[in-house]
Peer 1: 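I have a structure I would like to understand better, so I am pasting it below and will then ask my questions one at a time.
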Amino acid sequence: MIKPQFDITDKLTFNVPAKSSFYIEVFSDEELLEALAWAQINNQHILLLGGGSNILFHKDFDGLVIQISHKGITVLNDDGRFIEVVIGAGENWHEFVLYAIEKGWGGIENLSLIPGRVGASPMQNIGAYGVEIIDVLKYVEAINISTGKLRRFKVEECELGYRDSIFKGREKGKWAITRVAYTLDRQSPLKMSYGAIEAELSSIPFETRTYKDVSDAVIRIRQSKLPDPAVLGNAGSFFKNPIISKVDFDKIHASHPDMPNYPQDDSLVKLAAGWLIDKAGWKGHDRVTHGVHDKQALVLINKGGATGGEIWILAKEIMASVKEKFGIELEPEVNQIR
Ligand SMILES: Cc1cc2nc3c(=O)[nH]c(=O)nc-3n(C[C@H](O)[C@H](O)[C@H](O)COP(=O)(O)OP(=O)(O)OC[C@H]3O[C@@H](n4cnc5c(N)ncnc54)[C@H](O)[C@@H]3O)c2cc1C
């Protein structure tokens, strides 16, 4: 049922006040198609919502918010080693990770505790601790918002990049993702070299370590560094790590030799946005209702009572300050609804 003047605040992990002119939660393609037809007839803009953990509303939304809540986990194929599994877009991502681990399916344990839903996982090619969705994605099923036609995007058609995809980039706002299929692997090697995973697992003999051990380690590390949205409003990393040319990098590195850097190839270098923000003096910055997290400068927080507009003003000041200090343009990772 379409609900008018709907308060969506508690559906957003940033916990900023926001209303939409209309709201509906859909659990099937049929319900989604009905909602899309309704929006067309009533001339309403459409915004798709998953778990609301990567989105900042600057103000109320003038249109229909459709929350995609398709459920279901179906094994398409299992050859004894590889499992092809298709999941409804509305399933909770972390619960799916735990389900896979329990079944002995490897490949996504490093992506434990990322908030949100399965449908948004290809949107920005979610990634953490050395693994990205591109490593396991098989296909995405999505309904075209204008035509209502269902299309299957093979992984190579999703144009996945660093925190990017065709759905966030070139075809932004055109597709409602309804199901996502992944290939998981019972013999997938454990990935423990990234961040502090190896140190977290040091008390467990190497040959006895399991997907669950890696997942537990990732969960502990994340809980020690990142604020829990249930306690402190946030949307994870607010900015992407910038990727700059080697030529520009060499110039900046000369005056900042301690700057963390990750060469991408011969010509591009990725930098740590959190380090740049910290060095520009913003880590722990406090504006009473909102600010910059004191353990991770990449995370902007709503301590309670901040509006999305106020958080965006802070974000713009941080971007200007990093630009002035290092000459580097930061780009938001979080989706902005203006
Ligand atoms: C504490 C914290 C930690 C985080 N850590 C990470 C991390 O380590 N790595 C990482 O990659 N991300 C991280 N994130 C960001 C976020 O969890 C992911 O981007 C997640 O995939 C967002 O899912 P969601 O369902 O909440 O999407 P939403 O916030 O609801 O939506 C995000 C975008 O996708 C669109 N969208 C959502 N569902 C659909 C759909 N079914 N069809 C079409 N469009 C859709 C929305 O319109 C919006 O533009 C973190 C966030 C938080 C709060």
Side-chain angles (χ1 to χ4, degrees), residues 8 11-15 18 20 25-27 29 32 36 45-57 61 63-70 87-97 108 110-134 140-145 153 158 160-169 171-180 194-195 218-219 221-223 225-241 293 295-296 298-302 332-338:
I8 47 172
K11 299 192 180 295
L12 312 171
T13 62
F14 241 130
N15 201 25
S20 58
E25 183 173 17
V26 296
F27 295 86
D29 288 6
L32 171 60
L36 295 175
H45 299 294
I46 287 167
L47 177 69
L48 298 158
L49 189 66
S53 66
N54 198 15
I55 202 161
L56 179 67
F57 282 73
F61 180 70
L64 173 66
V65 167
I66 305 178
Q67 190 166 32
I68 307 282
S69 293
H70 294 49
I87 326 284
E91 293 284 356
N92 177 279
W93 171 258
H94 178 61
E95 280 169 22
F96 169 55
V97 172
I108 51 175
N110 293 48
L111 302 178
S112 295
L113 212 61
I114 296 182
R117 298 183 174 186
V118 163
S121 65
M123 279 298 294
Q124 67 155 10
N125 183 23
I126 55 166
Y129 295 94
V131 174
E132 288 182 321
I133 274 300
I134 193 171
V140 171
E141 274 186 4
I143 285 181
N144 186 296
I145 285 174
F153 292 78
C158 294
L160 300 176
Y162 167 61
R163 297 299 93 82
D164 204 10
S165 72
I166 190 170
F167 310 108
K168 193 173 179 181
E171 302 260 305
K172 186 176 168 167
K174 292 197 179 153
W175 298 94
I177 297 170
T178 52
R179 276 166 295 276
V180 186
Y194 201 97
V218 167
I219 290 171
I221 299 166
R222 291 182 70 98
Q223 284 175 335
K225 290 209 301 207
L226 290 171
D228 177 355
V231 180
L232 201 56
N234 76 93
S237 304
F238 197 90
F239 303 100
K240 291 185 186 183
N241 289 319
H293 194 237
K295 290 198 190 123
Q296 172 51 277
L298 209 43
V299 178
L300 303 191
I301 49 172
N302 177 12
E333 175 181 315
V334 173
N335 298 277
Q336 308 296 321
I337 308 302
R338 298 158 207 263

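Excluded from the calculations below are hydrogen atoms, water molecules and symmetry mates; all remaining heavy atoms, backbone and side chain alike, are included. One-based numbering, in listed order, for ligands and for the atoms of each. Note that the structure is predicted; figures quoted are calculated from it, not measured.
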Peer 1: Do any N/O atoms on A89 end up under 3.5 angstrom from N/O atoms on ligand 1?
Peer 2: no
Peer 1: For ligand 1, is there an N or O atom under 3.5 Å from any N or O atom of T13?
Peer 2: no
Peer 1: Hey, is R222 one of the residues with a heavy atom under 4.0 angstrom from ligand 1?
Peer 2: yes
Peer 1: Among all the protein's non-hydrogen atoms, which is closest to atom 38 (N) of ligand 1, and how far away is it?
Peer 2: G50 N, 3.7 Å
Peer 1: Please indicate whether any nitrogen or oxygen in G127 is less than 3.5 Å from any nitrogen or oxygen in ligand 1.
Peer 2: yes
Peer 1: Decide whether an N or O pair under 3.5 Å exists between L48 and ligand 1.
Peer 2: yes
Peer 1: Check whether any N or O atom of I126, backbone or side chain, sits under 3.5 Å from an N or O atom of ligand 1, and answer yes or no.
Peer 2: no
Peer 1: Can an N or O of N125 be found at a distance shorter than 3.5 Å from an N or O of ligand 1?
Peer 2: no
Peer 1: Just distances here: any N/O of G51 and N/O of ligand 1 closer than 3.5 Å?
Peer 2: yes
Peer 1: Within a distance under 4.0 Å of any heavy atom of A128, pick out the atoms of ligand 1 and give their elements.
Peer 2: 8 (O)
Peer 1: Suppose I only count heavy atoms of L49 and a 4.0 Å limit; which atoms of ligand 1 are within that range?
Peer 2: 30 (O)
Peer 1: If you measure every N or O of M123 against every N or O of ligand 1, does any of those distances drop under 3.5 Å?
Peer 2: no
Peer 1: I'd like to check whether R117 has a polar contact with ligand 1, where a contact means an N/O of the residue lying under 3.5 Å from an N/O of the ligand.
Peer 2: yes
